[in-house]
Amino acid sequence: MTIAENIQQIEAKLGDTTRLIAVTKTKPIEMLMEAYQAGFKRYGENKVQEMVEKYETMPKDIDWHLIGHLQTNKVKYMAHFVGMIHSVDSLKLLQEINKQAAKHNRTIDCLLQIYIAQEETKFGLSAAEAIELLSSDEVATMKNIRIVGLMGMASNTDNHDQVCQEFRNLKQLFDELKTSSPLHSNITMTELSMGMSSDYLMAAQEGSTLVRVGSAIFGSR
Ligand SMILES: *Cc1c(COP(=O)(O)O)cnc(C)c1O
């Protein structure tokens, strides 16, 4: 199957409420252009430098999502174009995104990355840390960011029950935050980013609004 066919097939399986992000890390521009020429415009990269290089070469109407761990000193390289940052895990990072976005007169959509896996190596905030961040007075003053939801990465395991439970835990936190009041005016809980190649269907069933799919579209890395 071609890249365009893979995308079409995955999108057909996702409901109307779940959107696909094509994860293009390590993949060459030619592959992205194949998807772009088929009309697909939402891409995810996990490294800033690689995303910047692709941004500079590709057409400018692409919606770029930064999905990997982000260091504060890298924000400036992408603040002029990035559409959404999925991996916000500290107030300090949020401050820098706000500052750099302001320089370009932009508002950048952000997700808080929540730690849901059992593995030690994953980045992210605990539920309590996320709640603390969301309720901080300082966030309320940030005019150039919007916190639009949560992102999580499930454990890297074949145990479907475990992955399912981790997605449910994240969805539950998402729902709690959505109904908890009052959120600052620059916070809305509308996007839930969870699910990858191996589990995007399950994630969609559990309430994901954004799935991040790489190898199922472009082949293994
Ligand atoms: C690489 C990556 C994905 C996509 O992984 P696949 O298994 O290839 O679908 C999703 N999310 C993040 C954060 C990634 O780094």
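When a ligand or atom number is given, it counts from 1 through the structure's own listing order.
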Q: Around atom 4 (C) of ligand 1, find the nearest protein heavy atom and jot down its residue, atom name and distance.
A: R212 O, 3.6 Å

Q: For atom 9 (O) of ligand 1, find the nearest protein heavy atom and state the residue, atom name and distance (0.1 Å precision).
A: S197 OG, 2.5 Å

(Q) Starting from atom 10 (C) of ligand 1, what is the nearest protein heavy atom, named by residue and atom, and what distance separates them? (A) M196 SD, 3.3 Å

Q) Would M33 and M58 satisfy side-chain contact (heavy atoms from CB on, under 4.5 Å), going step by step from the backbone distance to the final call? A) CA-CA 8 Å; M33 280 311 294; M58 300 272 298; 3.6 Å; yes

Q) When you measure from atom 12 (C) of ligand 1 to every protein heavy atom, which one gives the shortest distance, and what is it? A) I67 CD1, 3.4 Å

Q. Under 3.5 Å, is there a donor-acceptor pair linking the side chains of T209 and E191?
A. yes

Q) Any idea how H69 and F123 line up, ring-wise: parallel (<30°), tilted (30 to 60°), or perpendicular (>60°)? A) parallel

Q. Under a heavy-atom criterion of less than 4.0 Å, does H86 contact ligand 1?
A. no

Q.
With side-chain hydrogen bond (donor to acceptor under 3.5 Å, both in side chains) as the criterion, how do D161 and Q165 come out once you've worked through the C-alpha distance, each side chain's angles and the decisive distance to 0.1 Å?
A. CA-CA 6 Å; D161 290 343; Q165 192 53 55; over 6 Å; no

Q: Could you list the atoms of ligand 1 found under 4.0 angstrom from a heavy atom of M153?
A: 13 (C)

Q) With hydrophobic residues grouped by side-chain heavy-atom distances under 4.5 Å, do I67 and L70 end up in a single group? A) no

(Q) Count I, L, V, M, F, W, Y as connected when their side-chain heavy atoms are under 4.5 Å apart, and connections chain through other members. Are V213 and Y43 then in the same cluster? (A) yes

Q) Counting from 1, what ligand 1 atoms have a heavy atom of G214 closer than 4.0 Å? A) 4 (C), 6 (P), 8 (O), 9 (O)

(Q) Measuring only between side-chain heavy atoms, which start at C-beta, is L150 closer than 4.5 Å to M189? (A) yes

Q) Which ligand 1 atoms does V213 reach within 4.0 Å, using its non-hydrogen atoms? A) 9 (O)

Q | Nearest non-hydrogen protein atom, atom 1 (C) of ligand 1 | A | K25 NZ, 1.4 Å

